[in-house]
**Student:** 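Please read through the structure below; I'll follow up with questions.
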Protein chains: 2
Amino acid sequence: MTARQEKDPDLQRSLALLWAGRRRGSRGPRPKLSVEQIAQAAVRVADADGLEALSMQRVATELGFSTMSLYNHVPGKDLLLEVAADVAAGPPPDLAGAEDFRQAVRLWAGALWAGLRSRPWLLRVPLDHAPAGPNQLAWLDRLLRPLLAAGLVGGEARSAALHLTAVVRGTAQISLSTSSERKRADGLPHAGLTHAVTEFLDEEEYPALTAVHAAETGDQQSPDGDGLPFELSFGVDRFLDGIEGWVAARTSSG
Amino acid sequence: MTARQEKDPDLQRSLALLWAGRRRGSRGPRPKLSVEQIAQAAVRVADADGLEALSMQRVATELGFSTMSLYNHVPGKDLLLEVAADVAAGPPPDLAGAEDFRQAVRLWAGALWAGLRSRPWLLRVPLDHAPAGPNQLAWLDRLLRPLLAAGLVGGEARSAALHLTAVVRGTAQISLSTSSERKRADGLPHAGLTHAVTEFLDEEEYPALTAVHAAETGDQQSPDGDGLPFELSFGVDRFLDGIEGWVAARTSSG
DNA sequence: CGTTTTTATGTATGGTGTACGTAGTTTCTT
DNA sequence: AAGAAACTACGTACACCATACATAAAAACG
């Protein structure tokens, strides 16, 4: 991975090509590979052996082609990763059946959580700009709908959506471990914070930490059946409380 | 970077060594290198040229030693990265002067935001377990204090701390771009969500997105002077609203 | 038909992390 | 004092990585 050139127009055009699907000039031989095939193969590799196993060579052999042929369809590994991540994200959940905006948001968060749980390598994909793929944007759109419906205005809804995305991803990032967890008993969510270094905890230097550590992780599931673990559910619920209060205050005062 | 061995006890012991500082058996020649020197050199490299420039060879030449000599003090690049990240995190801010828990949390978030802004490569360090370094734990401890003081119990405080950490990091991750931003005009916060692909936005498929996109990013700073940008400040404030309501409800009812 | 464009392949370059062997240095044991 | 043992730094070597570039074949156009 050499230094990225990636002036912004460059990347923009590349992404555009990957959206529209790169119309071909119909002169040369018919391509036997496509961006979609390559991206799907990349997803297969990452699903099977993790992000660190995802190399150009590996994807190429997965498809039975030479390594360099990939570069006829994809400008480089970085872009391939973005496309693969978007493909792996898949379509967002349908929240039309939700009763209120709270449940819609919770369902959305639960779906994202489940997705990240089943594909932890998505958390390792380095993201260096706002979501740009069709699926990522669809997820964002589905989240914005209930937020707008709840009464948030544009900037607030955008901020809230960013907030929620960050919370789910961040919580998943340290709750679901991606590399070592697979080797251990698999599944169980790794006790939130700080189990390994407990013995070093100097009570004088980390009083709050030691106090909190005493409280055992209850491993409670959320009361509603949307699959949110407690660590995530509590924060999301408090946040939604705050959103509700905010719009209530505005609608009552003016 | 080959596959990681890292059974959990392994990593635990490695981390332990790096905490305690690896007592030497006093048999061989006195070492001229130390973990601290190496970590600081790594931080220097990352500060200067970004995470992708941080290689063992680069760190070694930075120190005027051979590449392989590093491995006498550090078991591998992954651990070096963790140590470097902890060193780069530095000590947490002192929140003793804050008036209430809200201001304390805001100050904390602002300090973290500023730190990530000045060292964006920290956002690229792959984190695969809970914070474990002394500085990281200190940051966590400082955040837990006001949360506990506000009236949260152990599990809630832990969840809230995780929530806030995730929010700041996640928001920074897509607001501060790390690789391409340095080349562009530098500084200005990249318009939150989705500027590049606006032309592809099909109104039928992304109605909420297009609606939100119309609302221009006001680029407002937060009202309080703690350096939080609006996108982050709004969410944090709503979250704190929710926390306040939560403890208020508990103290009044039980 | 030849020209032109596009695809797939092969080769080559400069980078990566790190396993391993060697030499030299210091301290502990005898 | 002499030897053994432990430890550090170094050099070499290997496997792998992304990708620049040249080559050859294939399809469509003039």
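Letters A, B, ... are given to chains in the order of the sequence lines, protein chains preceding strands, and every chain is numbered from 1.
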**Student:** Round to a whole Å and report the spacing from CG of A/L33 to C1' of C/dT7.
**Tutor:**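 Rounded to the whole Å, the gap is 10 Å.
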**Student:** The side chain of B/Q57 is closest to which nucleotide in this list: C/dT16, C/dT9, D/dA9?
**Tutor:**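 Closest nucleotide to the B/Q57 side chain: C/dT16.
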**Student:** Between A/K32 and A/F65, is there a donor-acceptor pair closer than 3.5 Å when you use the side chain of the first and the backbone of the second?
**Tutor:**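 Between the backbone of A/F65 and the side chain of A/K32 there is no qualifying donor-acceptor contact (under 3.5 Å).
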**Student:** Apply side chain to side chain donor-acceptor pair (under 3.5 Å) to residues B/E82 and B/H129 and explain how you reach the verdict.
**Tutor:** CA-CA 10 Å; B/E82 283 199 29; B/H129 40 257; 3.0 Å; yes
**Student:** Taking the side chain from B/W139 and the backbone from B/P134, do they hold a donor-acceptor pair closer than 3.5 Å?
**Tutor:**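 Checking the backbone N and O of B/P134 against the side chain of B/W139, no donor-acceptor pair under 3.5 Å is found.
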**Student:** Do any N or O atoms from the side chain of B/N135 and from the backbone of B/A89 form a donor-acceptor pair under 3.5 angstrom?
**Tutor:**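 Side chain of B/N135 to backbone of B/A89, a donor-acceptor pair under 3.5 Å: no, none is there.
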**Student:** Counting side-chain heavy atoms from CB outward, which of D/dT19, C/dA8, D/dA9 is closest to A/N72?
**Tutor:**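 Of all the options, the side chain of A/N72 is nearest to C/dA8.
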**Student:** Can you identify which nucleotide, out of C/dT7, C/dT9, D/dC10, has its nearest atom closest to the A/S69 side chain?
**Tutor:**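 Looking only at side-chain atoms, A/S69 lies closest to C/dT9.
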**Student:** Considering only side-chain heavy atoms of A/S55, which listed nucleotide, D/dA18, D/dA9, C/dG17, is closest?
**Tutor:**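 Closest nucleotide among those given: D/dA18.
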**Student:** Can any side-chain N or O of B/Q173 pair as donor or acceptor with the backbone N or O of B/L123 at less than 3.5 Å?
**Tutor:**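 Yes.
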**Student:** Rounded to whole Å, how long is the line connecting atom NZ of B/K32 with atom P of C/dG24?
**Tutor:**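 It is 13 Å, rounded to the nearest whole Å.
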**Student:** Looking at B/A172, is its backbone amide N or carbonyl O close enough to the side chain of B/S175 to form a donor-acceptor pair, meaning the two atoms are under 3.5 Å apart?
**Tutor:**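 It does not hold such a pair.
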**Student:** May I have the distance from B/L51 (atom CG) to C/dG17 (atom C1'), rounded to whole angstrom?
**Tutor:**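 Taking atom C1' of C/dG17 as the reference, CG of B/L51 is at 15 Å.
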**Student:** On DNA chain D, does the nearest nucleotide to A/A53 precede the nearest nucleotide to A/M68 from the 5' side, or the other way round? Give the residue.
**Tutor:**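 The answer here is A/A53.
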**Student:** Roughly, in whole Å, what's the span from CG in B/L80 to C1' in C/dG17?
**Tutor:**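 After rounding, the reported distance stands at 12 Å.
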**Student:** Okay, side chain of B/T165, backbone of B/A161: is any donor-acceptor separation there less than 3.5 Å?
**Tutor:**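 Judged by distance alone, yes, a pair lies under 3.5 Å.
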**Student:** Counting only side-chain nitrogens and oxygens, does A/S66 get under 4.0 Å of the OP1 or OP2 atom of C/dG10?
**Tutor:**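 No, A/S66 has no side-chain N/O under 4.0 Å of OP1/OP2 on C/dG10.
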**Student:** Of all the choices, D/dT19, C/dT26, C/dG17, which nucleotide is nearest to the side chain of B/R30 once you look at every atom?
**Tutor:**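 Ranking D/dT19, C/dT26, C/dG17 by closest atom to the B/R30 side chain puts C/dT26 first.
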**Student:** Check the phosphate of D/dA9 against B/H73, side-chain N and O only, distance under 4.0 Å to OP1 or OP2. Yes or no?
**Tutor:**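 Checking D/dA9 against B/H73, a side-chain N or O does come within under 4.0 Å of OP1 or OP2.
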**Student:** What's the closest nucleotide to the B/K77 side chain, out of C/dT16, D/dG11, C/dA8?
**Tutor:**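 Comparing C/dT16, D/dG11, C/dA8 against the side chain of B/K77, the answer is C/dT16.
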**Student:** How long is the line joining CD of A/E52 and P of D/dA18, in whole Å?
**Tutor:**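 Distance check: A/E52 CD to D/dA18 P gives 12 Å.
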**Student:** Which protein N or O atoms sit under 3.5 Å from an N or O of nucleotides 2-6 of chain D?
**Tutor:**
unit_1: D/dA6; atom_1: O4'; unit_2: B/R27; atom_2: NH1; d: 3.4

**Student:** Rounded to the nearest Å, what distance is computed from the CE atom of residue A/M56 to the P atom of nucleotide C/dT9?
**Tutor:**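 So the CE-P distance, A/M56 to C/dT9, works out to 15 Å.
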**Student:** May I ask you to decide if B/G64's main-chain N or O and B/T61's side chain share a donor-acceptor pair within less than 3.5 Å?
**Tutor:**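 It does not hold such a pair.
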**Student:** Could you state the OH-P distance from A/Y71 to D/dA22, rounded to the nearest angstrom?
**Tutor:**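 Whole-Å distance recorded here is 17 Å.
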**Student:** Looking across every strand, which nucleic acid part, if any, lies under 4.0 Å from B/F65 by heavy atom: base, sugar-phosphate, or nothing?
**Tutor:**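 Since only primed, P, OP1 and OP2 atoms lie under 4.0 Å of B/F65, the category is sugar-phosphate.
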**Student:** Rounded to whole angstrom units, what separation is found between the CG atom of A/L70 and the P atom of D/dA18?
**Tutor:**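 Taking CG of A/L70 and P of D/dA18, I get 10 Å after rounding.
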